[in-house]
> 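Quick one: structure below, then a few questions.
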Amino acid sequence: MKRCLIVDDSKVVRMVARKILESLNFRIEEADNGLIAMDCCKHGMPDAILLDWNMPVMNGIEFLKALRRMQGGERPVVVFCTTQNSLRQIEEAIGAGANEYIMKPFDSEILESKFSQVGLI
């Protein structure tokens with residue numbers, strides 16, 4: 001079973017994403033900011049990371065840049081999931097190492113489609 005780390009400061013978003021991704025046969029871990037997510041990755045790299053942009057302590061871009069520098073940090077597929085929708089921000093996320101980018105709010109069809117496109121399901 002593949003592991004997905006959901007990184008979002010919204011408990012509601014984590015709950016919705018968990019329900020959808022568990023239905024797609026992922027084992028889920030959660031973090032409410034990038035610093036906690038870094039600790040999770042140090043204890044074992046997930047197969048996928050669903051990542052919010054705006055979070056306290058360490059935001060999504062900071063987390064992604066740090067992740068990609070870690071040993072094994074190139075492996076997880078990172079799907080940014082955020083309300084940030086300017087072309088500049090999307091380019092920044094992809095440039096920092098994101099594999100995909102989806103907008104909030106999302107539904108099961110969107111998550112399933114993106115995770116399928118990157119070969120996770």
Side-chain angles (χ1 to χ4, degrees):
M1 181 177 282
K2 291 186 179 178
R3 291 177 37 240
C4 182
L5 175 60
I6 301 169
V7 187
D8 199 299
D9 59 327
S10 168
K11 186 174 183 171
V12 172
V13 170
R14 291 193 317 267
M15 182 181 68
V16 169
R18 173 184 280 274
K19 183 177 180 183
I20 293 168
L21 292 168
E22 283 178 339
S23 76
L24 297 172
N25 296 315
F26 282 90
R27 190 173 72 236
I28 303 299
E29 295 176 47
E30 296 182 23
D32 64 5
N33 67 62
L35 192 59
I36 294 171
M38 288 301 297
D39 286 339
C40 290
C41 291
K42 287 175 186 173
H43 289 98
M45 278 300 166
D47 299 292
I49 299 172
L50 185 64
L51 181 62
D52 184 26
W53 189 300
N54 295 311
M55 296 178 291
V57 184
M58 178 187 265
N59 70 35
I61 286 290
E62 293 167 337
F63 165 79
L64 181 55
K65 289 176 180 177
L67 171 75
R68 293 306 192 206
R69 289 190 302 264
M70 289 176 66
Q71 183 170 349
E74 72 285 346
R75 189 175 64 88
V77 172
V78 177
V79 178
F80 247 107
C81 178
T82 183
T83 58
Q84 304 295 328
N85 64 359
S86 75
L87 181 58
R88 181 191 62 75
Q89 290 161 320
I90 293 170
E91 288 173 342
E92 182 179 2
I94 299 300
N99 300 90
E100 275 294 340
Y101 198 97
I102 60 176
M103 299 301 302
K104 290 179 183 174
F106 58 85
D107 60 20
S108 59
E109 281 185 33
I110 292 169
L111 274 185
E112 185 172 356
S113 171
K114 289 296 180 179
F115 275 60
S116 179
Q117 286 176 19
V118 294
L120 289 167
I121 54 173

> Atom CG of D47 and atom CZ of R27: how far apart are they, to the nearest 0.5 Å?
8.5 Å
> For residues L64 and L67, determine if any side-chain heavy atom of one lies less than 4.5 Å from a side-chain heavy atom of the other.
yes
> With side chains defined as the heavy atoms from C-beta onward, is the minimum distance between L51 and V79 less than 4.5 Å?
no
> Do K104 and D8 sit within salt-bridge range, that is, some charged N less than 4.0 Å from a carboxylate O?
yes
> Work out which heavy atom in A48 is nearest to a heavy atom in L120; give both atom names and the distance.
CB-CD1, 3.5 Å
> State, yes or no, whether a side-chain contact exists between S23 and S108 at a heavy-atom distance under 4.5 Å.
no
> How many angstroms lie between atom CD of E62 and atom CG of N33, to the nearest 0.5 angstrom?
10.5 Å
> If I compare all heavy atoms of C4 with all of L50, which pair ends up nearest, and what's the gap?
SG-N, 4.1 Å
> Decide, yes or no, whether a salt bridge links R68 with E74 under the criterion of side-chain N to carboxylate O below 4.0 Å.
no
> Could you measure the distance from the CZ atom of F26 to the CD1 atom of I121? Nearest 0.5 Å is fine.
6.0 Å
> Looking at L111 and I20, what are the two nearest heavy atoms and their distance?
CD1-CG2, 3.8 Å
> Whether K11 and D32 form a salt bridge (side-chain N of Lys/Arg under 4.0 Å from carboxylate O of Asp/Glu) is what I want to check.
no
> Report the distance from atom NZ of K114 to atom SG of C81, rounding to the nearest 0.5 Å.
11.0 Å
> Drop me the distance from L24's CG to S116's OG, to the nearest 0.5 angstrom.
9.5 Å
> Is R14 reaching over with its side chain to a backbone N or O of V7, donor-acceptor style, under 3.5 angstrom?
no
> With a 4.5 Å cut-off on side-chain heavy atoms, are F115 and V77 touching?
no
> Between E112 (side chain only) and E109 (backbone N and O only), is there a donor and an acceptor less than 3.5 Å apart?
no
> Should M103 and V16 be regarded as members of a common hydrophobic cluster, given that ILVMFWY residues are connected when their side-chain heavy atoms come within less than 4.5 Å of each other, either directly or indirectly?
no
> In terms of hydrophobic clusters joined by side-chain contacts under 4.5 Å, are I49 and V13 together?
no
> To the closest 0.5 Å, what do you measure between OH (Y101) and CH2 (W53)?
5.0 Å
> Check whether M55 and F106 end up in the same hydrophobic cluster, where Ile, Leu, Val, Met, Phe, Trp and Tyr are linked by side-chain heavy atoms less than 4.5 Å apart.
no
> Which atoms form the tightest heavy-atom contact between M45 and R75, and what is the distance?
O-NH2, 2.7 Å
> Using every non-hydrogen atom in the two residues, find where G44 and R3 come nearest and quote the distance to one decimal.
O-NH2, 2.8 Å
> Flag yes if I61 and I94 sit in one hydrophobic cluster, no otherwise; membership is Ile, Leu, Val, Met, Phe, Trp, Tyr, and two members link when side-chain heavy atoms are under 4.5 Å apart.
yes
> Using the rule that two of Ile, Leu, Val, Met, Phe, Trp, Tyr join whenever any of their side-chain heavy atoms come within less than 4.5 Å, decide whether L5 and M38 are in one cluster.
yes
> Where is the tightest heavy-atom contact between P76 and N99, given as atom of each residue plus distance?
O-OD1, 3.8 Å
> Is there side-chain contact between I102 and F80, with heavy atoms separated by less than 4.5 Å?
no
> Determine whether I6 and L21 make a side-chain contact, defined as any pair of heavy atoms from C-beta on separated by less than 4.5 Å.
yes
